[in-house]
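What follows is a single structure, written as structure tokens, with notes after it.
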Amino acid sequence: MTEAQLELSAEEMRRLGYRVVDLLVQHFGRMRDAPVGAKGKPEELLARFAGDPPEAPTDPHELVARLESEVFPNNLHVDHPRFFAFVPGPGNYISTMADALASGFNVFNGTWLGGSAAAAMELAVIGWFRRFCGFPETAGGLFVSGGSAANLTALHSARAAKLGDRTADATIYFSDQTHYSVERALRVLGFAREQFRKIPSDDSFRLPMQSLREAIRADREAGLRPFCVVANAGTTNTGAVDPLSDLADLCAEEGLWLHADGAYGAAAIICDRGRQKLAGLDRVDSLSLDPHKWLFQPFECGCVLVRDAAQMKSAFQLMPEYMRDVHRNTAETNPADYGIQLSRGFRALKVWLSINTFGLAAFRDAITRGFELAEFAESELRRRRNCEILSPAEMAIVAFRFGNDDALQTRLVDLMLRDGFAFLTSTTLKGVTALRLCTINPRTTEQDIVQTIDRLETFAAV
Ligand SMILES: Cc1ncc(COP(=O)(O)O)c(C=O)c1O
């Protein structure tokens with residue numbers, strides 16, 4: 001090993017690569033038979049990785065062995081077929097290889113000059129998404145780290161387009177089911193809490209049009225400046241989709257920007273079930289859509305689309321002198337002009353490579369399966385003693401509870417984690433603690449669901 005150059009010999013690289021690939025193949029091949037993962041104790045894990053870096057080299061095979069025994073088992077496997085918590089991350093092997101390639105070639109995907117083919121491929125994949133969603137040709141977008149960054153990017157575009165730099169007295173509207181990344185993005189953008197209107201959702205956890213209309217009217221009468229509505233295209237809690245067409249009508253009448261947070265649900269637009277649920281999505285001004293959720297990509301792979309890409313560019317583009325060579329040719333698109341990252345990795349590659357490899361039909365079927373599994377889970381839960389459905393299967397999420405005791409639901413989460421066979425998490429719906437199953441992983445079988453519910457029923461009864 002020639003340490004000074006941080007290099008391995010070709011043979012060493014190959015041997016280490018094979019070792020890593022073997023480990024990954026084992027992970028993908030055997031995850032179903034392994035526990036859903038584990039949460040380590042802070043005092044143990046922090047101590048294990050404490051200490052200064054070594055001056056001397058260590059055999060990387062030894063280090064990989066350490067990762068195998070100490071790191072990977074002490075995480076939850078969000079791609080496991082019985083991981084139903086939060087929003088699962090059912091990645092795929094092709095995209096894993098794409099990440100290795102993007103990282104190995106260290107593709108710079110910030111400018112056309114630095115990464116022209118990468119920029120062209122990103123534009124092509126954004127073009128796919130644009131057409132899936134029915135956006136016009138003026139639309140554009142960007143790959144970002146995830147839904148939080150997508151919401152931030154979209155809301156900055158909305159602010160720039162509607163308010164310029166004058167944000168005082170501007171107000172923004174969303175339901176109480178909206179993901180907290182929206183509120184955090186608004187705070188990052190400098191909005192004060194008094195400028196948010198968090199509207200109580202209806203019995204189906206959707207944004208009620210009447211309350212929204214009244215809130216906008218009251219704010220206008222008070223001399224405030226409504227500028228944006230954030231709609232949900234699949235909430236994290238229950239999969240609820242806000243009335244997108246009605247919201248688009250209202251926003252057009254009122255001159256408001258309509259952003260849809262589809263970080264969880266928007267990818268479902270590629271299948272018939274999703275297209276029906278998401279009617280009206282083609283009319284929003286901006287959209288967050290996370291391929292690292294329901295499009296089966298590994299983290300970090302979020303995406304933001306804006307109906308008029310020029311608005312996104314005018315919100316973000318700056319032209320410092322040291323970038324003059326980048327901006328000389330206007331026919332070239334620089335992804336860095338559309339968001340907050342300059343140096344950025346080649347996220348589009350994993351989407352491109354996996355969709356080309358498996359074909360879009362396989363993705364469509366995999367998403368449809370998520371809908372069906374949640375419906376299966378709901379019917380199974382309805383047959384169980386002492387189980388109440390709190391939100392029926394919607395966009396691959398079903399919420400329920402065993403018994404009538406909030407503390408029992410939390411206890412069930414802990415017992416499931418300790419047991420290790422399957423994992424799910426709890427939330428609060430209209431003041432009561434609920435359990436939820438999010439079934440977007442196409443590796444999940446009906447038997448996985450039955451066995452998971454069996455365990456919940458047994459734990460609930462003791
Ligand atoms: C609806 C919704 N929006 C935004 C986010 C945030 O996405 P990320 O975790 O990728 O930042 C999530 C995450 O679950 C989500 O479900």
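Indexing begins at 1, ligand by ligand and atom by atom, following the structure's order.
With Lys293, His179, Glu300 as candidates, the residue nearest to atom 7 (O) of ligand 1 on a non-hydrogen basis is Lys293.
Residue His292 has at least one heavy-atom neighbour below 4.0 Å for each of these atoms of ligand 1: 10 (O). For ligand 1, the atoms lying closer than 4.0 Å to a non-hydrogen atom of Gly234 are 1 (C). The distance from ligand 1 to the heavy atoms of Tyr264 drops below 4.0 Å at these ligand atoms: 16 (O). Numbered from 1 in the order shown, with element, the atoms of ligand 1 that lie under 4.0 Å from a heavy atom of Ala263 read 2 (C), 3 (N), 4 (C). When each atom of ligand 1 is checked for a heavy atom of Asp290 under 4.0 Å away, the hits are 7 (O), 10 (O).
A donor-acceptor contact shorter than 3.5 Å is absent between the side chain of Tyr264 and the backbone of Asp290. Of the possible polar contacts, one joining the Arg159 side chain to the Leu189 backbone as a donor-acceptor pair under 3.5 Å is found. Judged purely by atom type and a 3.5 angstrom limit, Thr178 uses its side chain to pair as donor or acceptor with the backbone of Ser175.
The proximity of Val182 to ligand 1, defined as any non-hydrogen pair under 4.0 Å, does not occur for either the backbone or the side chain.
The aromatic ring centres of Phe316 and Tyr338 sit 6.0 Å or more apart. With ring centers used as reference points, Phe86 lies 6.0 Å or more from Phe423. Within the 6.0 Å centre-distance limit, the rings of Phe371 and Trp294 are counted as a close aromatic pair.
Seen from the ring of Phe135, Arg307 counts as a face-on cation partner, given the 6.0 Å and 45° thresholds. Geometrically, Arg82 engages Phe421 in a cation-pi contact defined by less than 6.0 Å to the ring centre and at most 45° from the axis.
Residue, atom and distance of the protein heavy atom nearest to atom 16 (O) of ligand 1 are Thr236 OG1, 2.9 Å. Of all protein heavy atoms, the one closest to atom 3 (N) of ligand 1 is Asp261 OD2, 2.7 Å. What sits closest to atom 11 (O) of ligand 1 on the protein, heavy atoms only, is Ser148 OG, 2.6 Å.
Ligand 1 lies less than 4.0 angstrom from a heavy atom belonging to Ser181.
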